[in-house]
Amino acid sequence: LQREFQHFMLKEIYEQPESIGRGVAQYVASLGSSAPSFHALPEANCFEEIQILACGTSLHAALVGQFVLEQVAQIPTRVRSASEFLAAPLPVTRQTLLIVVSQSGETADVLAAMRLANQQSSSGLAGFKVFAITNNSHSAIAQQADYERSVGAGVENSVAATKTFTAQLVLFYGLALAWGRQRDRIPDEQWVTWQSRMAALPSQVDQVLQQDDSIAAIARSLKHTNHIILLGTGINYPIALEGALKLKETTYTHAEGYAAGEFLHGSIALLDHTIPTIALCPTPPFRSDPSLENPPSEGGDQMLKVTQRIRRNGSDVIAIGGSEAAIALPLCDQLLSPFLTVIPLQLLAYHLAIARNIEVDRPRNITKSLNSF
Ligand code: BG6
């Protein structure tokens with residue numbers, strides 16, 4: 001049954017099982033077959049390090065990408081916001097692959113950072129290459145790069161990025177798996193597990209979407225809340241940042257994302273009973289799967305300690321996943337959990353905006369892409 005959506009943002013959130021499934025078919029399932037998704041891209045032995053530049057939501061996708069490129073493919077990877085790269089460029093070498101990520105492919109800071117990196121490399125770094133990840137192969141960023149791939153999410157109309165974020169993640173996982181395979185970091189058994197786990201993502205995302213009504217009720221309970229803290233660890237730290245950005249962009253709530261352990265080092269002084277904390281707790285019961293050789297993770301235990309301390313101090317904790325979940329998540333591997341933890345945060349931002357009568361697809365002061373100042 002075709003559902004009617006009142007806003008593009010909600011429609012695009014609900015399109016994610018389909019867009020993730022398309023991306024997995026294009027960039028993961030076809031790896032190692034004759035499908036052309038990764039043909040004519042640099043091979044893993046053509047570079048020794050990766051630098052990634054992006055802004056906003058694309059920057060948060062880049063941080064998840066960094067985690068899988070480092071932990072799965074074991075490639076040293078640095079991430080910087082494009083605007084900060086302009087202030088303090090990272091030194092590039094002939095062994096650097098520069099990846100630029102931009103949903104629109106038109107963001108001015110990313111274009112300027114590409115130009116600066118190219119100037120740096122024009123002094124004889126013949127091996128230095130730029131690879132653009134956008135949602136529009138005809139965009140300026142895609143056209144000016146040495147290599148480009150579209151995340152293929154389809155047109156995104158809402159100013160707040162949702163389906164393009166998860167599509168960017170799929171492409172990063174595909175790259176980490178392709179390059180990890182080329183570097184002999186992913187044996188055949190793990191590879192088979194990766195493929196089946198990623199193929200299961202669309203139905204798992206669908207299960208999270210089915211909790212929309214209870215997420216909407218939580219959003220309504222936050223209607224008069226002025227500050228929200230979001231905590232994540234490891235691969236979910238960038239998801240805490242992304243959730244905070246979604247809340248700021250669409251609901252005008254002051255929201256901050258932190259790495260859970262770091263939050264104890266000073267920032268916890270902020271909390272009182274008026275400030276709720278949203279905790280991303282994919283472990284436990286999201287146990288690390290030894291067959292995927294997850295990085296060692298104390299994340300679940302650390303999150304438990306931090307949330308217990310917050311509760312002892314008299315503040316509310318809204319847990320996403322874990323044994324005390326307000327919003328339950330299907331069982332999933334820790335490395336794949338960002339695809340699931342981000343969905344309730346997108347829905348929460350949407351429903352809170354609606355509860356506050358905000359024009360959710362066109363929030364004040366921001367545009368879909370900042371292509372001039
Ligand atoms: C900002 C938008 O201006 O640009 C953000 O308000 C967006 O929502 C950011 O994430 C980056 O855009 P793009 O197109 O480069 O991914």
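Every heavy atom of this structure was used, including side-chain atoms; hydrogens, water molecules and symmetry mates were not. Remember, it's 1-based here, ligands and their atoms both numbered in the order they're listed.
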Taken in chain and number order and not counting sequence neighbours, the residues that satisfy side-chain hydrogen bond (donor to acceptor under 3.5 Å, both in side chains) with E12 are none
Of all protein heavy atoms, the one nearest atom 11 (C) of ligand 1 is C55 O, 3.4 Å
for atom 10 (O) of ligand 1, nearest protein heavy atom and its distance come out as T57 N, 3.0 Å
Exercise for review: State whether the shortest distance between N or O atoms of Q168 and N or O atoms of ligand 1 falls below 3.5 angstrom.
Suggested key: no
- Under 3.5 Å, is there a donor-acceptor pair linking the side chains of Q346 and T162? no
Worksheet item: Among the heavy atoms of T134, does any lie under 4.0 Å from an atom of ligand 1?
Response: no
Among non-hydrogen protein atoms, atom 12 (O) of ligand 1 lies closest to T107 OG1, 3.6 Å
Derivation of the side chain to side chain donor-acceptor pair (under 3.5 Å) call for S137 and E148 = CA-CA 7 Å; S137 292; E148 69 87 20; 3.0 Å; yes
Atom 4 (O) of ligand 1 has as its nearest protein heavy atom K368 O, 4.1 Å
(request) Give a yes/no verdict on whether any heavy atom in E249 is under 4.0 Å from an atom of ligand 1. (result) yes
For G56, the atoms of ligand 1 under 4.0 Å from one of its heavy atoms are 10 (O)
Atom 16 (O) of ligand 1 sits nearest the protein heavy atom S58 OG, 2.6 Å
On a heavy-atom basis, the closest approach of F165 and T57 is CD1-CG2, 3.5 Å
The side-chain hydrogen bond (donor to acceptor under 3.5 Å, both in side chains) partners of K248 (sequence neighbours excluded) come to none
If you scan protein heavy atoms around atom 14 (O) of ligand 1, the nearest is S104 OG, 2.7 Å
shortest atom 6 (O) of ligand 1-to-protein heavy-atom contact is with T367 O, 3.2 Å
Exercise. Is the side chain of Q16 donor-acceptor paired with the backbone N or O of I13 at a distance under 3.5 Å, no angle test?
Worked result: yes
Hey, is E49 close enough to R78 for a salt bridge, meaning N to O under 4.0 Å? yes
**Check: K246 side chain, A161 main-chain N or O, donor-acceptor pair, under 3.5 Å** = yes
